[in-house]
Protein chains: 2
Amino acid sequence: MVDPAGQPRRARSDATRQRILDTAREAFARQGYTGTTITDIARPLGITTAALYYHFASKADILDSLLAEPLAAYARLIEDATAHRLDAPELLAAYLDFMAETRELIPVVAADPAIGAILDERLPRTPQQMTAAIIAALTGPHPSRAKTIRAHAALAAVKEATLAAMSDTDTLRPRDRAEILAAALRALDGP
Amino acid sequence: MVDPAGQPRRARSDATRQRILDTAREAFARQGYTGTTITDIARPLGITTAALYYHFASKADILDSLLAEPLAAYARLIEDATAHRLDAPELLAAYLDFMAETRELIPVVAADPAIGAILDERLPRTPQQMTAAIIAALTGPHPSRAKTIRAHAALAAVKEATLAAMSDTDTLRPRDRAEILAAALRALDGP
DNA sequence: GTCTATATTGTGATAGAC
DNA sequence: GTCTATCACAATATAGAC
């Protein structure tokens with residue numbers, strides 16, 4: 001059960017699979033999902049596209065593998081929001097932490113309309129419905145138009161400021177995190 | 001100079017050209033630029049793709065025609081920002097009005113990495129540099145890290161809240177506009 | 001100004017050898 | 001597990017008739 005390279009075969013295969021995922025994530029982040037060809041993924045790895053299809057059933061399957069864990073985390077966030085287990089500051093903080101962890105894939109998913117179809121099959125609700133659920137949790141039981149607008153502002157502030165703050169660091173600095181949350185809460189709550 | 005339909009030929013051609021642009025804008029907004037085929041544009045109009053190529057040199061040429069005016073307006077905004085002709089509230093207001101006018105095309109441009117290449121040829125600076133210029137104008141002469149983060153938050157709040165407010169109306173309500181600007185300024189300026 | 005027909009290229013994906 | 005070779009298809013774009 002050990003091949004000439006001295007590694008168990010299963011481990012070797014898993015390692016290749018992981019390298020494909022890493023390369024794919026990078027390529028998707030840079031060129032988008034539709035804009036990335038399977039050749040773009042295979043070539044940097046020094047393998048052919050045929051070899052790639054030994055590890056994954058399709059291009060969409062690669063994306064699925066990349067998104068599985070983040071999507072599950074996001075679904076949990078939505079569930080917490082709709083069940084009112086989090087107040088507004090806690091919800092914004094949870095949303096921020098999710099964005100921080102998933103920062104590489106966020107633009108990929110947001111960017112490509114072709115991903116919408118894939119997402120619809122993986123999620124209990126549409127992305128728009130899921131955003132609406134967070135907005136609703138932020139506005140509380142009496143959602144005036146003004147409050148809804150402020151909720152959109154706060155959510156967008158958290159998302160973009162987090163991505164901006166992490167453009168030069170791999171881990172979000174606690175001071176930055178606090179600054180972002182304070183700014184979002186000011187946008188949400190009024191003077 | 002009048003064809004059987006009773007219209008001057010030039011006017012008829014211009015009208016067709018305009019219908020192509022309208023259909024293309026709608027399709028791009030729905031499916032993205034890369035995700036839209038020229039057949040997607042031609043079929044709803046009841047013409048063939050060959051006919052479409054009489055009016056436009058390429059698919060990219062259609063996008064160029066759609067973006068020409070918005071890009072010029074955005075370049076003027078950047079120029080005003082870098083020349084410090086606008087203070088922070090005025091700059092956010094100008095940014096908001098630009099987003100409101102261009103709302104259909106914003107997701108298209110933001111979404112598709114393939115558009116980046118086209119944009120690089122049309123703009124004096126990269127989109128990232130242009131955003132950075134607005135951020136710099138918002139932070140003022142002494143850009144602390146905290147202030148920069150707040151500027152990102154404010155800008156994102158304006159952008160997304162404006163798109164959200166206009167999702168159900170064609171013209172932005174003055175009350176909504178004021179609400180968005182107030183929220184963004186709170187995010188920017190601190191308590 | 002629009003058509004039919006076609007050239008050309010790029011892409012996701014598969015078959016079968018090693 | 002990776003290769004060579006190839007397929008099927010879709011997409012942009014062009015040629016030339018009407």
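Since the model is a prediction, treat every value here as computed from it, not as a measurement. Just so it is clear, the values below take in all heavy atoms, side chains as well, and ignore hydrogens, waters and symmetry mates. Reminder, nothing fancy here: chain letters follow the sequence lines and each chain counts from 1.
With rounding to whole Å, Asp61(A) atom CG is found 14 Å from dG12(C) atom P. Here the C1' atom of nucleotide dG1(D) and the CG atom of Leu52(A) are 12 Å apart, to the nearest Å. Taking atom NZ on Lys59(B) and atom C1' on dT9(C), their separation rounds to 15 Å, with Å as the unit. Protein atom CD1 of Ile41(B) is 8 Å distant from nucleotide atom P of dT12(D), rounded to whole Å. When rounded to the nearest whole Å, the span between CD1 of Ile38(B) and P of dA13(D) equals 6 Å. Straight-line distance from the OH atom of Tyr53(B) to the C1' atom of dA13(D): 5 Å, rounded to whole Å. Atoms CG (Leu45(A)) and P (dG1(D)) sit 15 Å apart, rounded to a whole Å. Counting to the nearest Å, the C1' atom of dG1(C) and the CD1 atom of Ile20(B) are 10 Å from each other.
The side chain of Ser13(A) contributes no N or O atom lying less than 4.0 Å from OP1 or OP2 of dT2(D). Checking the phosphate oxygens (OP1, OP2) of dT2(C), no side-chain nitrogen or oxygen of Tyr54(B) falls inside 4.0 Å.
One distance of note links CG of Asp14(A) with CZ of Arg19(A); it measures 13.0 Å at 0.5 Å rounding. To the nearest 0.5 Å, the span separating NZ on Lys59(B) from CD1 on Ile118(B) amounts to 8.5 Å.
Taking both residues in full, the closest heavy atoms of Val158(A) and Ile180(A) are given as CA-CG2, 3.9 Å, listed atom of the first, atom of the second, then distance.
Each of dT14(C), dG1(D), dT12(D) was ranked by its minimum atom distance to the side chain of His55(A); first place goes to dG1(D). Listed nucleotides dA13(D), dG12(C), dT2(C) differ in distance to Thr16(B); the shortest reach to its side chain belongs to dT2(C).
Ring orientation note: the planes of Tyr74(A) and Tyr95(A) are tilted relative to one another, at an angle of 30° to 60°.
Looking only at distances, a side-chain donor or acceptor of Gln129(A) sits under 3.5 Å from a matching main-chain atom of Thr126(A).
Contact check on Asp40(B) versus Arg30(B) returns no salt bridge, with no Lys/Arg side-chain nitrogen under 4.0 Å from an Asp/Glu carboxylate oxygen.
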- [ ] Please step through salt bridge (charged side-chain N to carboxylate O under 4.0 Å, His left out) for the pair Lys147(B) and Asp189(B), ending with a clear verdict.
- [x] CA-CA 8 Å; Lys147(B) 184 76 176 182; Asp189(B) 278 334; 3.6 Å; yes

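Note on Thr39(A): nothing from the nucleic acid sits closer than 4.0 angstrom, heavy atoms only. Among the protein residues, Thr36(A) comes within range of the sugar-phosphate backbone only, with heavy atoms under 4.0 Å from sugar or phosphate atoms but none that close to a base.
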Please list, for nucleotides 3-5 of chain D, all pairs of protein and nucleotide N/O atoms separated by less than 3.5 Å.
| from | atom 1 | to | atom 2 | distance (Å) |
| --- | --- | --- | --- | --- |
| dC3(D) | OP1 | Gly46(A) | O | 3.4 |
| dC3(D) | OP2 | Thr48(A) | N | 2.6 |
| dC3(D) | OP2 | Thr48(A) | OG1 | 3.0 |

